[in-house]
Amino acid sequence: MTAAQAALSQVSEFAVSYAFSILGAIILIIAGFIVAGMVEKWVRSALDRFPSFDVTLTSFLSKIARYAVLVLVGVTVLAQFGVQTASIIAALGAAGLAIGLALQGTLQNVAAGIMLLVLKPFRVGEYVEASGISGTIQSIGLFATEMKTVDGLYILAPNSSLWNTSVTNYSRNTRRRNDLVIGIGYDDDIDLAQKTMLELAEADDRILSDQEPATFVSELGDSAVNITLRYWTTTSDWWQTRLDITKAAKKAFDEKGISIPFPQRDVHYLPLQTEAQNTQKTGAAKKSGTKS
């Protein structure tokens, strides 16, 4: 009984000694969670005031603010029980360094994701090309970006691969220029071909009128005279307009007798020269046989 009474006495003394510390720690924890929630909501509402600020980045920064408050509360609670906060901070720093080295590639993707969300070289719904891949952006996360190709394939690209290379955004600008090149035969009327292509462009409502279309001879090729039709459209109409104008040009050229030649090469055969060379070779062979 004496040992039990001694143990009970020690427990009672410990409870009395740390009662206020335990009570204070409980109060700090409850208050810490409340304050962390308030800070998270405040950061989120502050960032929501900027329409250009990405939703994913807003959520990420608000969570960072919340966990920063909770870590501070945890350190304060431990200090209530006499734990040295300097050693705790040093341990957290060492742990953070170890985690950073272990997750170097992952953290690189996170950093790249933050930069992509802040600078916005592309947005959801835009068609881009980067790192040899192209597709429509489906979502931009902190670790990777989801894309969909024109043939319906799913691509998950790490953010670091998209940030460390040049990005071609086909959807960002509202207008795009198109240079449609069609080759005609060397015997065809160049002026008539240019006039025909220009009339097709002027008759299409999707081609912008404030930047007048133009035609010119761009190259004298091996098999054809290449004529370029240059015009501007909205980005959304660019591809379909190109397809329609190409089809219309072929029909118009057929009606007006303008040919679109196949790749060809002229080969000139000189039989007389070949026969003379063969005769010389035969005579040389006979002379050489006589000498032997």
Side-chain angles (χ1 to χ4, degrees), residues 40 43-68 96-182 204 206-208 211 228-248:
E40 180 182 4
V43 173
R44 186 185 298 273
S45 61
L47 296 178
D48 286 340
R49 297 176 183 175
F50 302 93
S52 60
F53 213 81
D54 191 83
V55 177
T56 304
L57 191 57
T58 299
S59 177
F60 176 74
L61 293 178
S62 61
K63 291 294 184 182
I64 289 294
R66 173 185 174 83
Y67 291 130
L97 179 61
I99 294 174
L101 293 176
L103 302 176
Q104 184 176 2
T106 302
L107 294 178
Q108 185 179 3
N109 286 327
V110 173
I114 293 175
M115 297 304 297
L116 291 175
L117 292 172
V118 172
L119 298 181
K120 297 183 178 180
F122 47 78
R123 299 185 180 94
V124 174
E126 293 181 337
Y127 185 85
V128 301
E129 180 180 359
S131 298
I133 58 177
S134 59
T136 303
I137 302 298
Q138 299 295 304
S139 67
I140 306 172
L142 289 175
F143 298 96
T145 297
E146 297 181 1
M147 304 172 65
K148 182 180 180 180
T149 63
V150 291
D151 52 349
L153 298 180
Y154 171 82
I155 296 178
L156 183 65
N159 287 333
S160 58
S161 64
L162 298 177
W163 175 249
N164 294 324
T165 187
S166 58
V167 177
T168 302
N169 192 326
Y170 292 94
S171 304
R172 177 60 55 87
N173 295 333
T174 58
R175 296 184 173 193
R176 280 189 64 184
R177 193 187 78 184
N178 187 19
D179 288 353
L180 180 61
V181 181
I182 299 179
D204 197 315
R206 294 168 298 184
I207 295 178
L208 302 178
Q211 293 176 306
T228 298
L229 172 63
R230 175 171 292 174
Y231 60 87
W232 288 79
T233 65
T234 60
T235 301
S236 59
D237 291 334
W238 186 89
W239 185 247
Q240 191 59 46
T241 303
R242 178 183 177 88
L243 298 178
D244 294 342
I245 292 293
T246 302
K247 181 179 179 180

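Residue numbers count from 1 along this sequence.
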Q) Does the pair Gln211 and Arg177 meet the rule for a side-chain contact (heavy atoms from CB on, under 4.5 Å), with working shown? A) CA-CA 10 Å; Gln211 293 176 306; Arg177 193 187 78 184; over 6 Å; no
Mind checking whether [X] and [Y] have side chains closer than 4.5 Å, heavy atoms only?
{"X": "Thr145", "Y": "Trp163", "answer": "no"}
{"X": "Asp204", "Y": "Tyr231", "answer": "no"}
{"X": "Arg176", "Y": "Asn178", "answer": "no"}
{"X": "Thr149", "Y": "Ser134", "answer": "no"}
{"X": "Gln108", "Y": "Asn164", "answer": "yes"}
{"X": "Phe143", "Y": "Val110", "answer": "yes"}

Could you tell me the separation between the [atom1] atom of [X] and the [atom2] atom of [Y], rounded to the nearest 0.5 Å?
{"X": "Ile207", "Y": "Arg230", "atom1": "CD1", "atom2": "CZ", "value": "13.5 Å"}
{"X": "Met115", "Y": "Ser160", "atom1": "CE", "atom2": "OG", "value": "13.5 Å"}
{"X": "Ile140", "Y": "Leu117", "atom1": "CD1", "atom2": "CG", "value": "6.0 Å"}
{"X": "Ile137", "Y": "Lys148", "atom1": "CD1", "atom2": "NZ", "value": "13.0 Å"}
{"X": "Ser45", "Y": "Glu40", "atom1": "OG", "atom2": "CD", "value": "10.5 Å"}

What are the two closest non-hydrogen atoms of [X] and [Y], and how far apart are they?
{"X": "Leu162", "Y": "Phe122", "answer": "CD1-CZ, 3.9 Å"}
{"X": "Ile133", "Y": "Ala157", "answer": "CD1-CB, 3.8 Å"}
{"X": "Arg44", "Y": "Ser62", "answer": "NH2-OG, 3.3 Å"}
{"X": "Ser161", "Y": "Ser131", "answer": "O-OG, 2.7 Å"}
{"X": "Gln138", "Y": "Met147", "answer": "CG-C, 4.0 Å"}
{"X": "Ser171", "Y": "Thr235", "answer": "CA-CG2, 4.0 Å"}

Say whether, by atom type as modelled, one donor and one acceptor occur between the side chain of [X] and the main chain of [Y] under 3.5 angstrom.
{"X": "Asn169", "Y": "Val128", "value": "no"}
{"X": "Asn173", "Y": "Arg175", "value": "no"}
{"X": "Asn159", "Y": "Gly141", "value": "yes"}

Q: From the options Thr234, Thr241, Thr233, select the one residue that forms a side chain to side chain donor-acceptor pair (under 3.5 Å) with Asp237.
A: Thr234
